[in-house]
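One-based numbering, in listed order, for ligands and for the atoms of each.
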Amino acid sequence: MDKRTFLRNVSLAGLGSIAALTPLSRLAAAMPPQLPKDGSKEAFWAAVRNGYKLTPEFINLENGFYCIMPQEILAKYESHIREVNMEGAHYMRTVQATNKKAAAAKLAQLAGCAADELIITRNTTESLDMIISGMDWKEGDEAVMAHQDYGAMLDMFKQVARRHGVVNKLVSVPQDPESDEEIVRLYANAITPRTRLLMVSHMINITGQILPIRKICDMAHSRGVQVMVDGAHALAHIQFAIRDLHCDYYGASLHKWLSVPLGAGMLYVRKDHIGRIWPLFAEEGREKNDILRLNHTGTHPPATDLTIADAMNYYHSIGAHRKEERLRYLRNYWVNKVLDLPGLVLNSPRNPMRSCAIANVGVTGMRPADLATTLLQRYKIYTVAIDNKAAGVHGVRITPNIYTSTAELDELVRALRELAA
Ligand SMILES: Cc1ncc(COP(=O)(O)O)c(C=O)c1O
C-alpha cells in the first residue's frame, strides 16, 4: 500500500476505531513497512495505544520492570487459561511438554539461535543463575562482571565465591565511552589466566546503556573466557540475533519487552556447553547435550508458555524495526528537551545509538526516592528511583513503551523543568 492509500484509509475509518475492532496484526499489515514521517506515523502509534487498557491514575513510565500486555495478548492469555483449565491434568500429561517445545522453537527463530540451544525458563534470574551456579568451578577460578550489572546475578556470583572460592573481579562501565574499544579494553584488563566466565549486560538496566557484546565476546574468546550475556532488557526491544553476538550463554525475560504474561524467560546455551552445566533442578534420563536437561522446573503455569507465540505475533505485526525506532524516538523526545538544563543530571549515554527506550535522570540535590515520590504525587508520573552507589547512578529510571504518547512525555518534561528550577 502506498502512502496516499494508507492516509486515505486512515482518514476514512480513523485508526483508533480500527484498532478497537480488529487485531493490530490486520492494521499493521495494511501499513507500509517504513512509516511515513508525517501525521500518519503518530496515528499508527495512537492506534497501538488504543489496543491497551491503561490506568487513568498515572502516566506509567516504568515499563522496565515488565511490559503490560495489550488487550490482544491479554485476551489470548485468558483463553489459554480457560482451555487448559477445561482439560486439567489431561492437558499437562499429554500435550503440555510438546507445546512448550514448539513455543521454544518459535522463540529460537526470533532470538536467532538453533531450537536445540534454547529453553523457556521463568525469568532472566533463573536463566543466568543456572549458569553461574551450574558451572564446574574450582577454587581460585575467576569471574568478571560490572558494578552496573543486575543485583540478583551479582548476588549469585557472591554466593559462588563463598561456596567454591571463586574470585570476582568487578569493572565499572563508563557511561559515555569514546568508542566500543574503550569498553572492550576495560573488560580485557580484568581478565587473567584464571578467568573462566565474563558476565556482561546487553542493556544496563539502571541507565539503559547498550554494550558492544560481539566485540566483548570475541575479545574474551581470544583469551579462552566464556561470556554470559544478561539480555533481560534487549529481547524484543532492540534488534539482534544471538548467533551474531558470538556469546556462550544468553538469558532474557519474556515478560519485559515481548509482553508475555509475567513469569516467562529464556536461556540460550551454546550446544557444546550444555553437557557441562549442572541444572538448578535435576533431571535424569536425558542425553548429556539435550538442553531440556536444564529445563526441569516442576509444575508451572502452561498458559504463560502458550501465550509466547501470541506475543511474538503481536511483536512481528508491530515490526521489530518500527518498535526499536519508536522507542528510541520516545527516549530522545524527552531527553533532548531537558539534556542541558542546569540542575538535571542525565545518567544515560548521550550518544542515542548507545541506548533505546530506557534512560535515567537525576535532579541535583534531590534524593532519587524523593524525586520519584514527587513525580508521582505532584505530577502523576510513575517512575522508579535508582540510588546505586557502587554504579554511581542516582536518579529515576524513565522507561516509556510503545503505547506512550508524546503528550505524556511533555508532562514529564514540564515536571523536570519545574523541579530543576
Ligand atoms: C539487567 C537485568 N537482569 C536481570 C533482571 C531480572 O529479571 P527477572 O526479574 O525477570 O528475572 C532484570 C530485571 O529487571 C534486569 O533488569
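- Comparing heavy-atom distances from atom 2 (C) of ligand 1 across D230, T124, L254, D129 singles out D230 as nearest.
- Shown here are the side-chain hydrogen bond (donor to acceptor under 3.5 Å, both in side chains) partners of H296, two or more places apart in sequence or in another chain: E283.
- At least one heavy atom of K256 sits closer than 4.0 Å to an atom of ligand 1.
- Geometric assessment of R326 against the ring of F44 yields a negative cation-pi assignment under the 6.0 Å and 45° thresholds.
- Take D136 and apply the side-chain hydrogen bond (donor to acceptor under 3.5 Å, both in side chains) test, not counting sequence neighbours, and it matches no residue.
- For ligand 1, the polar-atom distance check against H255 finds a nitrogen or oxygen pair separated by under 3.5 Å.
- If you number the atoms of ligand 1 from 1 as listed, the ones under 4.0 Å from a heavy atom of S253 come out as 7 (O), 8 (P), 10 (O).
- At a cut-off of 3.5 Å, with distance as the only test, no side-chain donor of N205 or H233 sits close to an acceptor on the other residue.
- Residue T125 has at least one nitrogen or oxygen atom sitting less than 3.5 Å from a nitrogen or oxygen atom of ligand 1, judged on distance alone.
- The residue E126 has no part lying near ligand 1, judged by heavy-atom distances below 4.0 Å.
- In this structure, the side chain of H255 engages the main chain of G263 through a donor-acceptor pair within 3.5 Å.
- Atoms of ligand 1 found under 4.0 Å from any heavy atom of N123 (numbered from 1 in listed order, with element): 8 (P), 10 (O), 11 (O).
- Assignment of R122 to the shell around ligand 1 is not supported, since no heavy atom sits closer than 4.0 Å.
- Atoms of ligand 1 found under 4.0 Å from any heavy atom of Y150 (numbered from 1 in listed order, with element): 1 (C), 2 (C), 3 (N), 4 (C), 5 (C), 6 (C), 12 (C), 13 (C), 14 (O), 15 (C), 16 (O).
- Around NZ of K271, the count of heavy atoms belonging to other residues, nucleotides or ligands within 6.0 Å exceeds 12.
- Aromatic pair F65/Y382: centroids not less than 6.0 angstrom apart.
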